[in-house]
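Encoded as structure tokens, the structure appears first; notes follow it.
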Amino acid sequence: MTTSNVDALLNSVDRDISQLRAALDAQARALGFDCIGITEPGTIESAGQHFLEFIASGGHGDMDWLAAQPERRVDPRGLWSEVRSVIMLGVNYGPDQDPLAILELRTRAAISVYAQGDDYHDLIKKRLKALARWLVATAPSEVKVFVDTAAVMEKPLAQAAHLGWQGKHTNLVSREFGSWLFLGAIYTTLKLPSDDAEIDHCGSCRACLDICPTSAFPAPYRLDARRCISYLTIENKGPIPQEFREAIGNRIYGCDDCLAACPWNKFAREGREARLAARDELRAPGLAELSRLDDAAFRALFTKSPVKRIGRDRFLRNVLIAIGNSGDAALAQEARRLLDDASPLVRGAAVWALGQLLAREEFEVVKSAALDRESDDSVREEWQAAS
Ligand code: B12
Ligand code: SF4
């Protein structure tokens, strides 16, 4: 083959690849993704190192699944040796109202923005699978799709693919969508041209660090998950440690404070995808009503919602912490009723709520009656601690 023939062949390969990229971008947008970028597997080495330091420091708390098999997470090739390109995708879930306003309504529950609608895992997985199918049909290859639950470092990969940068709150910040992006990934055996990594645009801002109610950031870009309200209300299975209970306020599932404080949100585009809309009944539900949910009613209210995965007992634990923080003595009757709940987790949180809401004398009367019939050690400890 002559040199000019080789050049012609290479030019046509380049043209095909740039056409494939343009078509991939168009297809991703048609399927409801708001941004897309591509990187290679070997681009997150330093993030992988930071991940190992994070695990060694114990910052993951009880999330053993996060610490398991780190070699799979710190490099995409550890999860799938054939991967040659990583396609990162984002879906904007910017709220249609101020997510911090609810924090002032102390008898209402604050559910974090991402959990007020249908479960994003299901929605994004469907879109990822559709895009992956299209890719395989267009350019024969093998693919795997991931959203959230697999051993994939989605934020560093998204930064490497130019979707945004990991801000001081550790989440990905986008110039277009601020802090409100869900992430998903497609690993492929195709070798696609990579985008340039995005650079850090946080500058001297520290709004997300300063707003955190539980001081969960030991340093910028580092989170101690054990102090984060998202971890405490969602991942943590036991009683919520005493030191964080008041700071949690009325946040009963997740927390949005650091995301909402980010000044880049003001550049976020209007008009989010309709299917990510909040359900009206989950925008500001009453604490009293939530405290009356039994298992069946809990499952019915949170059908298709991510909230369902923590189960009724952990959910009620969170609601009772919020009741204790409500300052509304009328809610004491709800906590009192839950002293007889079948779950020690719920009974223990009810004790704390009563300790916050009842006058000392009244509390002691309730205590002496309830302590007699309480056999669980952890709940008895709550009674002692609340006295
Ligand atoms: C575990 C996890 C959590 C944990 C731990 C959070 C965390 N920051 O890691 C908990 C339960 C607390 C959590 C909470 C939330 N999560 Co979460 N979570 C994850 C998950 C499954 C893994 C993240 C991970 O690998 N963490 C491990 C640590 C090591 O990672 P890291 O914090 O990013 O660590 C970096 C920094 O610490 C930094 N670093 C460490 N040391 C040093 C030192 C220096 C010098 C420097 C410069 C940097 C540095 O480098 C590390 C590696 O990049 C991802 C999905 C996925 N598979 O990626 C979703 C994910 C991160 N979560 C998400 C969301 C939406 C949330 C919440 C907003 C939910 C809510 N409203 O309550 C909160 C936000 C809290 C916060 N400020 O991070 C989204 C974030 C989207 C985005 N735009 O970034 C993800 C990507 C899920 C998704 N598919 O969309 N989450
Ligand atoms: S989500 Fe809330 S508690 Fe967690 S780090 Fe951000 S501001 Fe702090």
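For ligands, and for the atoms within them, numbers begin at 1 and follow the listed sequence.
- Looking at S291 and R337, their side chains do bring a donor and an acceptor atom within 3.5 Å of each other.
- In this structure, OG1 on T43 lies 11.5 Å from CG on D196, to the nearest 0.5 angstrom.
- By the 30° and 60° cut-offs, the orientation of the rings of H201 relative to W165 is perpendicular.
- H121 and T149 are not linked by any side-chain donor-acceptor pair at a separation below 3.5 angstrom, with hydrogens and angles left out of the test.
- Note on ligand 2: Y231 sits outside its first shell, no heavy atom being nearer than 4.0 Å.
- Against a heavy-atom cut-off of under 4.0 Å, F217 is close to the following atoms of ligand 2: 5 (S).
- Using a distance-only test at 3.5 Å, with no hydrogens or angles considered, a donor-acceptor pair links the side chain of R347 to the main chain of D341.
- Atoms of ligand 2 found under 4.0 Å from any heavy atom of L223, numbered from 1 in the order shown, are 5 (S).
- The hydrophobic cluster around F217 extends to L209, L223, counting ILVMFWY residues whose side-chain heavy atoms fall within less than 4.5 Å of a member.
- When hydrophobic side chains of Ile, Leu, Val, Met, Phe, Trp and Tyr are connected at separations under 4.5 Å, F363 ends up clustered with L339, V351, L354, L358, V366, L371, V379, W383.
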Go through it in stages, so that I can follow the logic: the residues are Y120 and Y114, the test is ring pair (Phe, Tyr, Trp, His ring centres under 6.0 Å), and I'd like the CA-CA distance, side-chain angles, deciding distance and then a yes or no. CA-CA 8 Å; Y120 72 92; Y114 92 86; 5.7 Å; yes

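- Here the side chain of S112 pairs no donor or acceptor atom with the backbone of D256 at under 3.5 angstrom.
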Measure and list all N/O to N/O distances between ligand 1 and the protein that fall under 3.5 angstrom.
unit_1: ligand 1; atom_1: 8 (N); unit_2: K155; atom_2: NZ; d: 3.3
unit_1: ligand 1; atom_1: 8 (N); unit_2: T170; atom_2: OG1; d: 2.9
unit_1: ligand 1; atom_1: 33 (O); unit_2: K155; atom_2: NZ; d: 2.8
unit_1: ligand 1; atom_1: 33 (O); unit_2: Q166; atom_2: NE2; d: 2.8
unit_1: ligand 1; atom_1: 37 (O); unit_2: Y221; atom_2: O; d: 2.8
unit_1: ligand 1; atom_1: 39 (N); unit_2: Y221; atom_2: O; d: 3.4
unit_1: ligand 1; atom_1: 53 (O); unit_2: Q166; atom_2: OE1; d: 2.8
unit_1: ligand 1; atom_1: 57 (N); unit_2: D148; atom_2: O; d: 3.0
unit_1: ligand 1; atom_1: 57 (N); unit_2: V152; atom_2: O; d: 2.9
unit_1: ligand 1; atom_1: 58 (O); unit_2: V152; atom_2: O; d: 3.2
unit_1: ligand 1; atom_1: 58 (O); unit_2: E154; atom_2: N; d: 3.2
unit_1: ligand 1; atom_1: 71 (N); unit_2: C255; atom_2: O; d: 2.9
unit_1: ligand 1; atom_1: 71 (N); unit_2: D256; atom_2: OD1; d: 3.2
unit_1: ligand 1; atom_1: 72 (O); unit_2: S230; atom_2: OG; d: 2.8
unit_1: ligand 1; atom_1: 72 (O); unit_2: C255; atom_2: N; d: 3.1
unit_1: ligand 1; atom_1: 72 (O); unit_2: C255; atom_2: O; d: 3.3
unit_1: ligand 1; atom_1: 77 (N); unit_2: H169; atom_2: O; d: 3.0
unit_1: ligand 1; atom_1: 78 (O); unit_2: T170; atom_2: OG1; d: 3.2
unit_1: ligand 1; atom_1: 78 (O); unit_2: N171; atom_2: ND2; d: 3.4
unit_1: ligand 1; atom_1: 83 (N); unit_2: L172; atom_2: O; d: 3.3
unit_1: ligand 1; atom_1: 83 (N); unit_2: L181; atom_2: O; d: 2.9
unit_1: ligand 1; atom_1: 84 (O); unit_2: N171; atom_2: OD1; d: 3.4
unit_1: ligand 1; atom_1: 84 (O); unit_2: L172; atom_2: N; d: 2.7
unit_1: ligand 1; atom_1: 89 (N); unit_2: E154; atom_2: OE1; d: 2.6
unit_1: ligand 1; atom_1: 89 (N); unit_2: L183; atom_2: O; d: 2.9
unit_1: ligand 1; atom_1: 90 (O); unit_2: L183; atom_2: N; d: 3.0

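- Under a cut-off of 6.0 angstrom, the local environment of CD in E246 is sparse, with at most 12 non-hydrogen atoms contributed by other residues, nucleotides or ligands.
- Around atom 2 (Fe) of ligand 2, the protein contributes the following N, O or S atoms at distances under 2.8 Å: C255 SG.
- Residue K191 places its NZ atom among more than 12 non-hydrogen atoms of other residues, nucleotides or ligands, all under 6.0 Å distant.
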